[in-house]
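Following: one structure in structure tokens, then a few remarks.
Order of the sequence lines sets the chain letters (A, B, ...), proteins ahead of strands, with each chain counted from 1.
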Amino acid sequence: MPVAMSVAEGALPSREVDVAIIGGGVNGTGVARDLALRGLRVCVFERNDLAFGASGNSSGMIHGGVRYLSQSPHVTESSCRDSGYIQSIAPHLLFRMPFLMPIKAGLKGRIAIELIDAYFKAYDDYQPLKHGQPHCRLDASDLARLEPGLVGAIVGGITFDEWGIDGARLCTLNALDAIEHGGEVFTHTTVERVVRAPEGAEGGRYVVEARDVSTQERIAVRAHVVVNATGAWSPVTASLGGLPQARVRVRPGKGIHVVLDRRLTNYGILSEAIDGRQIFLEPWQNVSILGTTDDDYYGDLDDVRATSEEVRYLVQGVARVFPSVRQARAIGTYAGVRPTLYAYGKNEDALSREHEIVDHAADGSPGVYSMIGGKLASYRLFSQELSDLVAPKDFDVSAPCSTHTRPLPGGESVPDALALAERAGITPVASRRLVYRHGQRALQILERAARRPSEKDMTCACEPVLEAEVRHVVKHELARDVHDVARRTRLGYGACGGMRCAARCGQIVAEERGLPPHEGFEMARSFVERQAATRIVAMGPEQARQEALSLAHLQASLGVEP
Amino acid sequence: MSGTVVVVGAGVAGASAALVAVRAGARVVVIDGGTGASTLWTGGIDAGAPPSEDARDAADALGVVLGEAMVVATSGFVRRVRGRDAALLDLSIAAERGEVGVVRCDRPGWDADGVARAAGGGMVALDANVLRHTDERVLPDADFAERHDDFERLGWLAERLRHAVTRSHRELKALLLPPSLGVEHARAAELTRLVGLPCGEATGLPGGPAGLRYERARDRLFAAEGIEVVVARAERATATSRGWRVTTDTQPIEGDALVLCAGGLVGGGLAYQPSEALPGAALPPTARPSFRCTVDVPVRLGAHGAPLDVPGSLFGVAPESVAWPLARDPLMQRVGILCDAEGRAGPRLYAAGELVADAPRTWLAALESGALAGIAAAADAVKGRPERPSSVAEAPASRP
């Protein structure tokens, strides 16, 4: 069924773009950037915040696709090449994350280590593409020296190199670059329907009608092409345009992660869960992350949460090789829903992580496309594929893709964090983290702070985040509340769970946006409550008392009734 | 030994019970296990019914001003309270005209301009150099507050504030300071007299001077009333032919009546202990409730007026189903010892404060329930009936 409804000519909106993109995840913002760089006018609608879904709740890796090596080596090759590209366009945002795969002793283990060794030898051929080191084969004593926390009868292990990334920052940077190339990005704006403009009317073929969920303001845009990049929400989005949901079927797979309060290991450590699935403990930014599960999900996509059973599954699995994970302090959990390509009858892990472009011309809606599937590591390639299709076909634009050569905002060069700390009079740790997140734009933020020295105050001491950075992300990176600031800066994601910084952050956001102060407190309350809700499922008996204290803390500073 | 009431816990409920019992003619021994919820108090009483006469006396003795007031938190949040620590500034008593001056002070956690803005009008940040030594920029709140126990220093502060008020050329009706006005006593009244304007603190975070002032006031009260204090952790209470024997980590203590005021989760009287000791551990052989008293005593734990169930789930209790903040009436806020209206949990056995099931977790409720239990326990102890407590034996013991 084509997009049937149409609007009267008099009601046509004056705002006009070439491409309207629905979804502010990594694919949506990636396509927006790609097309904007090719000179097209784009706009992005995001129902919640940038990176709200799977993009911001992933394992935070740009991996080389070692899993696909045996079936489809070309996927591994393109993944590795793309990982290399992302390193060159956002050098500040990637960090090396070597993984360690311990192998249990016994006859099976001795054969396994030979096979795995050979397998990684093949993977080594692709490592130069992503500037990784070749794998290493370690014996039991090497392993004990490198990771003393590993226990059990282990015959040896294999290391291999991967790269970590902050997925939420990646989305933000793509969105920023799209904006800087003439695009528009509307966050907290839900698309209500997509209708066809009347035949013969000048301008774009479609009208996208959206509503700002906090101000209730309505926005309508005319567009020649509409892209559905809403991940697990894709079928819902398709129905807003009157398209058959079956054309964009995904099989939503929920994945949860447990966040521990510090880096427990130097290496990412692979382990097997009770059902034989591969799970891991990885040092990521300044925390450790346990991941991940993969279960079919049928619940509310706007409110995905980990459960205590899922947390137990991960902790139990990792504790088999790294038992001290049980004593570690869990500071939160997060959950996302993968937009896996639909298949019936397979179990979750066997589903394809590949991606697919659906051209809805076949459904009678030329110029409407859906991006289905994909993963964080392949976002740039996927965006390029869509842009390579759309730009010549719908706009006769032959400009080639440049997203792999032009740096993302802040990625032009990476300033020396220690020198910067000294010059700006901030602590080296704060400077390091600031440069990690903003690259060259850290200079802009510190210039701001130099003009107003009170902005050098630390708003969040765990991460840490300076007041100037909070103000910067509200002003320049589309952050509208404390949750948004947290996604962009990791404020409140540290050990205190936002107890020490959310109120102050709320004040700053309210101030920057010209809102009354109580709205700032309300934002802070909502953030802290949400964080507590994610933490509670990972709580053991020792943490119960601390949680009670946290609540008292919140009550004391915000006057929130228990 | 005749006429002895043993109180386990030296928080607000314990102090109130001890005071009321000693004034009713009993000999009182308090077992003080250390820091708890009361010493982490920040100074504002948020909820609770108006207190009885006995509780009112106890509040006076502990240096707390009862009655409606408006206090400001260090975040700038203004809230209405039912009572307050005597050092806190009450915005509602200040004059109609003029602004409240928020004193600037370069210390972490204090942002005078932020407070003034967040309070939404009626406040203005005020420049005043109130730090005398450079180390005061980083001292913890409580250590900084202790410096104002010195009279000479308080005079110096008053002078600085008077200067600041004059220099500001504004009509000010009161001065708001960071949590800093004394540890031994609340110095707000003295400072008010010296400056000539109502002066007081904002409520700080747990672990600040308000909790320490409570501790000092309580210790003075115990000394003045002749209440014995044993610093120890109560481990176990067993019924004897006369009353109760409490085993601690140092010495056994005997008494005719026992009042348990060991606190809820924060105070440490109640522990959350799900079936699996830690996520991922092997399941225990038998199921048991996920809460227990940290003092081993034959009482029944419950919530919502009913005894606590043993969880039916294979994995025990899922924290998200019992904990805040998802549940509207979370078990963790309600669970405790099942008592009657007087706080009686068994013959000659009482509980008060956060340890009581369904009790509101607030200062005033602890004060009131402590007073009620104290009176009843003193009556039991002084009467000294040689009645063997037998019915409690039916109640299932909550054992780790």
Full working for salt bridge (charged side-chain N to carboxylate O under 4.0 Å, His left out) between A/Arg452 and A/Glu467 | CA-CA 10 Å; A/Arg452 287 170 288 247; A/Glu467 183 179 326; over 6 Å; no

Proximity breakdown for A/Ser454 and chain B, heavy-atom pairs closer than 4.5 Å | neither

Per-residue contact mode, A/Ala319 against chain B (heavy atom under 4.5 angstrom) | neither

Between A/Leu264 and A/Phe322, what is the shortest heavy-atom contact and its length?
-> O-CZ, 4.1 Å

Where on B/Asp113 is there a heavy atom nearer than 4.5 Å to chain A: the side chain, the backbone, both, or neither?
-> neither

Chain A heavy atoms under 4.5 Å from B/Thr42: which part of the residue, side chain, backbone, both or neither?
-> side chain

As an exercise: rank [options] by heavy-atom pairs under 4.5 Å with chain A and give me the winner.
{"options": "B/Leu40, B/Asp111, B/Thr203", "result": "B/Asp111"}
{"options": "B/Gly43, B/Gly114, B/Gly207, B/Ala118", "result": "B/Ala118"}
{"options": "B/Thr362, B/Leu205, B/Val78", "result": "B/Leu205"}

With under 30° as parallel and over 60° as perpendicular, where do the rings of B/Phe77 and A/Phe521 fit, or are they tilted in between?
-> perpendicular

Look at the aromatic rings of A/Tyr334 and A/His257 and report parallel, tilted or perpendicular, splitting at 30° and 60°.
-> parallel

Measure the CG-CG distance between A/Leu281 and A/Leu260 for me, rounded to the nearest 0.5 Å.
-> 6.5 Å

Cationic N near anionic O, under 4.0 Å, A/Asp294 to A/Lys254 | no

